[in-house]
Amino acid sequence: MTAVPDITLNNGVDIPQLGFGTFQIPPAETREATLTALEIGYRHIDTAQMYGNEKEVGQAVRDSGLDRDDIFVTSKLNNPFHAPDDAHAAFDQSLKDLGLEHLDLFLIHWPLPGVGDFVETWKALEEIYRSGRARAVGVSNFQPNHLRRLLGGSVVVPAVNQVEVHPYLTQDEVRAFDTEHGIATESWSPIAKGRVLDDPVITRIANEAGRTPAQVTLRWHIQRGDIVFPKSVTRKRVEENFALFDFELGEADIAEISALNRDERTGPDPDLMNG
Ligand SMILES: NC(=O)c1ccc[n+]([C@@H]2O[C@H](COP(=O)([O-])OP(=O)(O)OC[C@H]3O[C@@H](n4cnc5c(N)ncnc54)[C@H](OP(=O)(O)O)[C@@H]3O)[C@@H](O)[C@H]2O)c1
C-alpha cells in the first residue's frame, strides 16, 4: 500500500490529501462504510451536521481501534446556525454527537450571502479555533467575492475552502484565489457523482493508463494539488479510489482533462443558495 501524502495547511496542521466522503450515506450504513474506509487505509473522514450521520462517523472512529490522532475528522456548520451563539452551540453538539474531544477541521458549510453576515459567523469559528477544540477552521462553497469580504473582516485566514471541483467544473478562478491567499482547496464531488466516468477523454486516458476512469479523475485532482474525499458505499470502489499513488498522469493528460471544463455544477450555485 502506498502512503497518502499530507498537505500542510496554513497553520501548520497536516491533512491527508485523500479522504472518505460521507454525504448521502444513510446513518444506518455510515458506521460500516466508515469502518471499511478506515480498514482500507483512509485516515481522513469528511462529514457535516447536514448529513445527519455524525454519530455513526464518530462511532466508527472510536470502534476502529486506531489512535484518534491518526484520523483527520472534518465537520461543517449547518445552514440554520449562522448566528454566532448558534454556531457555538452547533459546534458543541457536533463534538457530542461524534463523541470526540476535538475536530481536526470545522467549516462554514455555505456562505448564504442573502441570509446574514458570514463574517460574524466566522468570528465564532475563530473563537472555536482559539479554544483548541478545532485544530483548523475553514469555509466551504465560498466564491472569491465571499472570501474577499471574509478576509477583510477577520484575523484567522481560512485553512481550506471546500468547493465543487471536477473535470466539468475546474474552478480555475476560485482555486487561484485560494492559492494566492494560502487557502487549500478541497474538491467536493470529485467524480461529479459519477457523471464524468463515461467521458470519452477520461475513458481513453484510463485505458491507456490501465486504470479506471474514477482513478484517473481522482489522480487529476491529486496532481493539481487539491484535497479529495470521494464517497462510496461499495467496498470495491472504496479500494479502487484509494489506489492512486502508484501511477502518474502526464502533463498532456492533465491538460486534456482540464480542457473538459464546461462550468457545469452538480450542486447549487453558492451565490444563489440562501438557506
Ligand atoms: N461542502 C459541500 O457542500 C459538499 C457537497 C457535496 C459533497 N461534499 C463532500 O464531498 C464528498 C464527495 O462528493 P459526493 O459524495 O457528492 O460525490 P462523488 O464522490 O463525486 O461521487 C459519489 C458517487 O459516485 C459513486 N462512486 C464512487 N466511487 C466510484 C467508482 N470508483 N466508480 C464508480 N462510481 C463510483 C458512488 O456510488 P456508491 O456509493 O453507490 O458506490 C456515488 O454515487 C461527499 O461525500 C461529501 O463529504 C461536500
Side-chain angles (χ1 to χ4, degrees), residues 15-30 32-34 36-37 40 42 44-54 56-57 60 72-79 103-112 118 137-143 146 158 160-169 171 174 178 184-199 202-203 206 211-222 226-244 264-275:
I15 180 170
Q17 197 181 0
L18 174 67
F20 181 68
T22 65
F23 178 45
Q24 291 176 326
I25 306 187
E29 294 173 45
T30 300
E32 199 189 324
T34 308
T36 299
I40 288 167
Y42 291 76
H44 165 186
I45 313 293
D46 184 87
T47 184
Q49 293 167 357
M50 196 187 287
Y51 304 167
N53 57 18
E54 286 178 302
E56 294 75 14
V57 165
F72 193 100
V73 182
T74 300
S75 192
K76 316 183 192 86
L77 180 70
N78 203 355
N79 292 341
L103 275 176
D104 296 283
L105 180 61
F106 190 58
L107 309 179
I108 299 180
H109 204 148
W110 288 90
L112 311 179
F118 53 69
V137 285
V139 294
S140 177
N141 300 303
F142 274 50
Q143 309 272 46
H146 307 133
V160 312
N161 185 19
Q162 181 179 128
V163 291
E164 180 175 354
V165 187
H166 45 70
Y168 293 161
L169 182 71
Q171 294 272 35
V174 177
D178 288 349
T185 301
E186 296 191 329
S187 301
W188 64 254
S189 292
I191 57 171
K193 303 186 171 83
R195 273 190 216 176
V196 297
L197 301 183
D198 294 329
D199 186 279
I202 292 175
T203 51
R211 297 285 170 157
T212 68
Q215 287 174 324
V216 162
T217 306
L218 294 168
R219 183 71 210 178
W220 170 81
H221 287 279
I222 296 284
D226 290 357
I227 299 158
V228 277
F229 22 82
K231 168 264 176 188
S232 177
V233 292
T234 315
R235 188 184 176 102
K236 205 178 141 292
R237 290 174 172 174
V238 183
E239 285 169 349
E240 177 184 324
N241 297 345
F242 194 68
L244 305 181
E264 180 181 303
R265 294 182 184 278
T266 68
D269 181 333
D271 280 315
L272 305 177
M273 166 94 163
N274 275 314

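Read the numbers this way: they start at 1 and go in the same order the structure lists the ligands and their atoms.
- Close approach of ligand 1 to Gln162 (heavy-atom distance below 4.0 Å) involves ligand atoms 1 (N), 2 (C), 4 (C), 8 (N), 9 (C), 48 (C).
- Atom 16 (O) of ligand 1 has Ser189 OG, 2.7 Å as its closest protein atom, hydrogens excluded (heavy atom only).
- Those atoms of ligand 1 with a heavy atom of Leu197 less than 4.0 angstrom away are 32 (N), 33 (C), 34 (N).
- A side-chain donor-acceptor contact under 3.5 Å links Thr266 and Glu164.
- Rounding to the nearest 0.5 Å places CG of Asn78 at 4.5 Å from CE of Met50.
- Of all the listed residues (Phe229, Phe20, Phe23), Phe229 holds the heavy atom that lies closest to atom 11 (C) of ligand 1.
- Neither the backbone nor the side chain of Val238 comes within 4.0 Å of ligand 1, counting heavy atoms alone.
- Of all the atoms in ligand 1, the ones that sit under 4.0 Å from a non-hydrogen atom of Trp110 are 3 (O).
- Closest to atom 3 (O) of ligand 1, if we only count protein heavy atoms, is Asn141 ND2, 3.0 Å.
- Of all atoms in ligand 1, numbered sequentially from 1 with element shown, those under 4.0 Å from a heavy atom of Pro230 are 19 (O).
- Taken to the nearest 0.5 Å, the CD atom of Gln162 stands 3.5 Å off from the CZ atom of Phe229.
- If you number the atoms of ligand 1 from 1 as listed, the ones under 4.0 Å from a heavy atom of Asp46 come out as 9 (C), 46 (C), 47 (O).
- With Thr74 contributing its side chain and Asp46 its backbone, the two residues share no donor-acceptor pair below 3.5 Å.
- Contact of the Ile25 side chain with the Tyr51 side chain is not registered, since no non-hydrogen atoms from C-beta on lie closer than 4.5 Å.
- Of the options Ala192, Gly19, Ser140, the smallest heavy-atom separation from atom 1 (N) of ligand 1 is shown by Ser140.
- In this structure, the side chains of Asp199 and Tyr168 come closer than 4.5 Å at one or more pairs of heavy atoms.
- Side-chain contact of Asn53 with Thr47: a donor-acceptor pair under 3.5 Å is present, judged by distance alone.
- On a distance-only criterion, Glu240 and ligand 1 share at least one N/O pair closer than 3.5 Å.
- The backbone N or O of Lys236 lies less than 3.5 Å from no partner atom in the side chain of Thr234, so there is not a single donor-acceptor pair.
- At least one heavy atom of Pro190 sits closer than 4.0 Å to an atom of ligand 1.
- At a cut-off of 3.5 Å, with distance as the only test, a side-chain donor of His146 or Asp271 sits close to an acceptor on the other residue.
- Of the candidates Thr212, Ile108, Asn241, it is Asn241 that places a heavy atom closest to atom 28 (N) of ligand 1.
- At a cut-off of 3.5 Å, with distance as the only test, no side-chain donor of Asn161 or Thr185 sits close to an acceptor on the other residue.
- Only the side chain of His109 comes within 4.0 Å of ligand 1, counting heavy atoms alone; its backbone N, CA, C and O stay farther away.
- No side-chain heavy atom of Phe20 sits under 4.5 Å from any side-chain heavy atom of Lys231.
- Within the 3.5 Å criterion, the main-chain N or O of His166 finds no donor-acceptor partner in the side chain of His221.
- Numbered from 1 in the order shown, with element, the atoms of ligand 1 that lie under 4.0 Å from a heavy atom of Thr234 read 38 (P), 40 (O), 41 (O).
- Across Glu239, Lys231, Met50, heavy-atom proximity to atom 42 (C) of ligand 1 is greatest for Lys231.
- With atom 33 (C) of ligand 1 as the reference point, the heavy atom nearest to it among Arg195, Arg237, Lys193, Met273 is part of Arg237.
- Trp188 CE3, 3.1 Å is the protein heavy atom nearest to atom 6 (C) of ligand 1.
- The ligand atoms of ligand 1 that sit less than 4.0 angstrom from a heavy atom of Ala214 are 30 (C), 31 (N).
- Scanning the protein for heavy atoms near atom 24 (O) of ligand 1, the closest one is Ile191 CD1, 3.5 Å.
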